[in-house]
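Just so we're clear, the structure is a prediction, and the values are computed from it rather than from any experiment. For the single chain, residues carry numbers from 1 onward in sequence order.
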Amino acid sequence: MSTRTIVLVEQSAVIPYRIQNGQIEVMVITSSTGKRWVIPKGLIEPDMTPQDSAAKEAWEEAGLLGKVFPDLLGTYEYQKSGYICQVEVFLLQVQTVLEKWPEASCRKRQWVSIPKAIKRVNEPELKLILANLPNRFC
């Protein structure tokens, strides 16, 4: 009997947000293949905190600069290439939206309402984290 080891890959992500006309908007981006809507995320860099690592991903994948809040919003898991990725999610208050960014040629980005973002993303736990967002602003 062979035992398969499950490799857990730790990642961090941000939900980028802004307040527009009194409404919370979040930015979603397309995955690297362009087939799905996701939030900026990636491997936690060995020499960085999960928050700083997620901020770097927001710049690389979406051209966003801003302030990452230290509190963990939640975590979600997904499978990729036989691994299980566990993602820590933080909130990014967007201060600058760049016109040019490293992955501009392979990703689209869009500001959407929270209900639209919930419809677009696939991961059930991420939908719950998004649904809980308005409670953070009370």
Side-chain angles (χ1 to χ4, degrees):
M1 191 173 92
S2 71
T3 55
R4 283 197 38 186
T5 49
I6 295 175
V7 178
L8 195 64
V9 177
E10 293 190 348
Q11 296 187 321
S12 62
V14 288
I15 296 176
Y17 84 94
R18 68 180 183 186
I19 309 288
Q20 202 75 340
N21 303 321
Q23 298 297 307
I24 304 164
E25 289 185 338
V26 297
M27 182 174 281
V28 290
I29 61 172
T30 54
S31 61
S32 52
T33 58
K35 292 189 171 90
R36 299 181 307 116
W37 288 97
V38 296
I39 57 176
K41 69 174 176 319
L43 294 173
I44 299 172
E45 304 276 341
D47 56 341
M48 295 173 104
T49 64
Q51 294 89 334
D52 289 344
S53 211
K56 181 172 171 262
E57 294 297 329
W59 167 70
E60 287 176 358
E61 296 181 355
L64 301 176
L65 303 175
K67 176 184 171 209
V68 178
F69 291 94
D71 299 359
L72 184 66
L73 288 180
T75 61
Y76 71 94
E77 290 183 356
Y78 71 98
Q79 288 190 306
K80 181 179 186 175
S81 321
Y83 301 112
I84 292 179
C85 298
Q86 186 174 51
V87 187
E88 295 183 3
V89 182
F90 299 92
L91 196 56
L92 172 73
Q93 182 180 22
V94 175
Q95 289 152 341
T96 308
V97 180
L98 301 169
E99 291 303 310
K100 294 187 172 116
W101 69 98
E103 297 183 21
S105 61
C106 59
R107 292 186 193 264
K108 293 191 184 79
R109 61 184 184 182
Q110 198 166 24
W111 288 108
V112 295
S113 65
I114 289 173
K116 267 198 181 138
I118 292 168
K119 280 197 183 90
R120 287 199 181 171
V121 300
N122 288 346
E123 298 79 14
E125 301 102 319
L126 181 54
K127 289 176 186 284
L128 290 173
I129 293 169
L130 283 162
N132 195 35
L133 258 192
N135 301 333
R136 300 258 161 192
F137 294 90
C138 298

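Residue Arg18 holds its CZ atom at 10.0 Å from CG of Leu64, rounded to the nearest 0.5 Å. Rounded to the nearest 0.5 angstrom, Leu126 CG and Trp37 CH2 are separated by 14.0 Å.
Across all non-hydrogen atoms, the minimal contact from Ile29 to Ala62 is CG2-CB, 3.6 Å. Residues Pro134 and Ile24 come closest through the heavy atom pair CA-CD1, 4.1 Å. Contact record, Ile39 with Val14: CB-O, 3.4 Å, taken as the closest heavy-atom pair. Nearest approach of Tyr78 to Gln11, heavy atoms of both residues: OH-OE1, 2.8 Å.
Met48 and Leu72 end up in different hydrophobic clusters when Ile, Leu, Val, Met, Phe, Trp and Tyr side chains are linked at under 4.5 Å. In this structure, Val38 is not a member of the same hydrophobic cluster as Leu130, with clusters built from ILVMFWY side-chain heavy atoms closer than 4.5 Å. No single ILVMFWY cluster, assembled from side-chain heavy atoms under 4.5 Å apart, contains both Leu128 and Leu133. Taken together through direct or relayed side-chain contacts under 4.5 Å among Ile, Leu, Val, Met, Phe, Trp and Tyr, Ile19 and Ile114 form part of one hydrophobic cluster.
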Hey, can you pull the donor-acceptor pairs under 3.5 Å for the side chains in residues 81-103, sequence neighbours left out?
{"unit_1": "Trp101", "atom_1": "NE1", "unit_2": "Glu61", "atom_2": "O", "d": "3.1"}
{"unit_1": "Glu103", "atom_1": "OE1", "unit_2": "Arg107", "atom_2": "NE", "d": "2.6"}
{"unit_1": "Glu103", "atom_1": "OE1", "unit_2": "Arg107", "atom_2": "NH2", "d": "3.1"}

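Looking at Val68 and Asp52, their side chains never come closer than 4.5 Å, going by heavy atoms from C-beta outward. With a 4.5 Å cut-off on side-chain heavy atoms, Gln20 and Trp111 do not count as touching.
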Derivation and outcome, side chain to side chain contact (heavy atoms under 4.5 Å, CB included), residues Arg136 and Leu73: CA-CA 9 Å; Arg136 300 258 161 192; Leu73 288 180; 3.2 Å; yes

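Using a cut-off of 4.0 Å between Lys/Arg side-chain N and Asp/Glu carboxylate O, Glu57 and Lys41 are scored as not salt-bridged.
Judged by distance alone, the side chain of Ser12 and the main-chain N or O of Ile44 form no donor-acceptor pair under 3.5 Å. Proximity of a side-chain donor or acceptor of Ser53 to a complementary backbone N or O of Glu45 within less than 3.5 Å is detected. Counting only distance, with no hydrogens or angles, the side chain of Lys127 and the backbone of Val121 share a donor-acceptor pair below 3.5 Å.
With sequence neighbours left out, Tyr17 forms a ring pair (Phe, Tyr, Trp, His ring centres under 6.0 Å) with Phe137.
Other residues, nucleotides and ligands contribute only 12 or fewer heavy atoms inside 6.0 Å of the NZ atom of Lys116.
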